[in-house]
Every structure is written in structure tokens, then in C-alpha cells.
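Contents: one structure, followed by commentary.
Below, each value reflects all heavy atoms present in this structure, side chains not excepted, and no hydrogens, waters or symmetry copies.
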Amino acid sequence: MGKLGMIGWLGSARRAPGQVCPPASRGAPARSATACAVRCMEARKIRRSERGSRAFFGLLVGCWLVGCRCEPDQPAELALEDCNIVCAGSTQCPNSNPADCASRCQDLVKRGRDAHAGRELGKLIECARAHPCAGTFKRDPVGACLAERRAVSERISECAAGVVRSRSLEGGSLTSESLGCVAVAACVPALDAGQAGGPCQTASTCNGVCCACGSQRTLRVRACVAGKCADESRACALVAGEPDCRAE
């Protein structure tokens, strides 16, 4: 094996399969996950069709030297049919009810997808396949897969819409209504009360503004600070520092 082949072999050993992709340019990181995925796809084609060729070793050398990595694969979106397959595996288990299992599983998948819990759902389904008699989708699950089930439930709870919270402020108060895990652009301000800078005693007498809560959730916020309705910038700054918006 020549020097080029040896370097290529070392590069391939250094990267896990599926983690090497040709860089867009020397020293330049992937501009987006999509672009990197496309390049990885092309790399896989080269590995299949030109294994041992100069193109193959050149690709490995480039990735080894530049350090181009692909983003981790995004979890595939679960289909409701996946629940039927998983629950069918419990047919031989004591007190099994595949139909009830599938119904509860599908309900959880629907709510989990709305909460962008694809990764958590994937781990739960994988665990349920490995432990068909665990009763993963019963009303009160116990034992195996309990941690995975809890992770999905927590994510759904975090993204629940309609939850209203209130707290006192100097000379007024603040209320926030959760709109769930949606983009701020999907929020419509509530212009049904006092304008920013106007007098107020409580937050309910101020207009509601749209604020990001962490990286994925959105809140509609009303804030009365020191007797005046807060503007969007001030109201959003108040909720951005709250523990439930920081911990994501």
C-alpha cells in the first residue's frame, strides 16, 4: 500500500462509518446539515463503487486532514403504523392487549410529534421493541422503558399550549401564556388592552406581546412594570430569565 493509500486507510479508521464527508472547501466547515448530508451521500456512493480507487483515498485524506464531519442523523419521523408493529410483539405476553397498546402508543406519538419529541419517541419505540412484555404503553407503565416514557411525557409537558403563569413585579405583575413549541412568527400579539407605556396596575390591562422562551417555545406575555405597560423588548427580557425558559 502506497503513502496515499496508507493515509487514506488511517483516515477511514479515525472516522466512524457514515461520519466522513467531503468538505466544501479546504478548511471550511459544512455550511448546513443538509449540504453535509448531501456530500456524505456522495461519499457513500464513492465508497461503494470506487473502493480502492484514487478518488476514494483522496476523499478520505481530505476528510482526515480537514476534519469535516457530518451532523448526526436526524431521527426519522415515526408513523402510526410503527405502533401496530411494536404492540403486535406483545401478543404472547401475559394480560396483553395489542389493540389497547396500539391506541395508547398512537396517541402518544401524535402528541409527541406536536411537541417535536422525535428523538425521545425514537428511543421509546426502540426500547418497546426490545421489551415487548414491559407494558410500555399502559396507563401506568413500570419497569423497562420507564425512563424513555418519562422523557417523552416531559417533552410533551414542556410544549403544552395554553398554560398561563403569573408572578408579581414592582408596581405590577407579569402573565405568560404558553403557545407551545412553535416559532415566534406563528404568534399573534394580543392588542386588546393597554399600549406600551400606558398606565396599568396589573398585567391583564396591557397588550400581549410574542416572546421566545428558550430555543423552541413561544409565550404571549403581558407585563405591567412600575405602573406602566412594558414594551415587547422589556416584556421578553423578563421571561427570558425565568428558569423554565433557560433550561432547555
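For the two cysteine residues C206 and C200, the thiol sulfurs sit 2.5 Å or further apart. Per the SG-SG cut-off, C145 and C127 are bridged by a disulfide [distance under 2.5 Å].
Partners of R165 according to the side-chain hydrogen bond (donor to acceptor under 3.5 Å, both in side chains) rule, which considers only residues two or more places apart in sequence or in another chain, are D244. The salt bridge (Lys or Arg N to Asp or Glu O under 4.0 Å) test applied to D114 returns no partner, not counting sequence neighbours. With sequence neighbours left out, P189 forms a side chain to side chain contact (heavy atoms under 4.5 Å, CB included) with L191, C210. A search for side-chain hydrogen bond (donor to acceptor under 3.5 Å, both in side chains) contacts involving S233 returns nothing, not counting sequence neighbours. Every residue two or more places apart in sequence or in another chain was checked for a side-chain hydrogen bond (donor to acceptor under 3.5 Å, both in side chains) with R149, and none qualifies. With sequence neighbours left out, the side-chain hydrogen bond (donor to acceptor under 3.5 Å, both in side chains) criterion links T91 to no other residue.
In terms of heavy atoms, S90 sits closest to S96 at O-CB, 2.9 Å. Nearest heavy-atom pair, A240 versus C245, reported as atom, atom and distance to 0.1 Å: O-CB, 4.1 Å. Here the closest heavy-atom approach between residue R217 and residue E158 is recorded as CD-O, 2.9 Å. Here the closest non-hydrogen pair linking C181 and A115 is SG-O, 4.3 Å.
The structure places SG of C105 at 8.0 Å from CG of N84, a figure rounded to the nearest 0.5 Å. The CD atom of Q195 sits 9.0 Å away from atom SG of C229, with the distance rounded to the nearest 0.5 Å. For the atom pair SG of C87 and CG of N97, the computed distance is 9.5 Å after rounding to the nearest 0.5 Å. Interatomic distance, R113 CZ to L108 CG, rounded to the nearest 0.5 Å: 11.0 Å.
Among residue pairs with one or both ends in residues 172-193, those qualifying as side chain to side chain donor-acceptor pair (under 3.5 Å) are E177-R220, D192-R222; sequence neighbours excluded. The stretch residues 130-144 participates, sequence neighbours left out, in no side chain to side chain donor-acceptor pair (under 3.5 Å) pair at all. Sorted by first and then second residue, the salt bridge (charged side-chain N to carboxylate O under 4.0 Å, His left out) pairs with a member in residues 98-109 read D100-R104, D107-R111; sequence neighbours excluded.
Both L80 and V152 are assigned to one and the same hydrophobic cluster, defined by single-linkage of ILVMFWY side chains at heavy-atom distances under 4.5 Å. In the hydrophobic cluster analysis, where Ile, Leu, Val, Met, Phe, Trp and Tyr join through side-chain heavy atoms closer than 4.5 angstrom, F137 is grouped apart from I85.
As a member of the Ile/Leu/Val/Met/Phe/Trp/Tyr network built from side-chain separations under 4.5 Å, L179 groups with V182. Clustering of Ile, Leu, Val, Met, Phe, Trp and Tyr side chains at separations under 4.5 Å places L219 together with L169, L174, V209, V221, V225, L238, V239. The hydrophobic cluster analysis finds V188 isolated: no Ile, Leu, Val, Met, Phe, Trp or Tyr side chain comes under 4.5 Å of it, directly or through other members.
Counting only heavy atoms from C-beta outward, the side chains of C224 and T202 never approach each other to under 4.5 Å.
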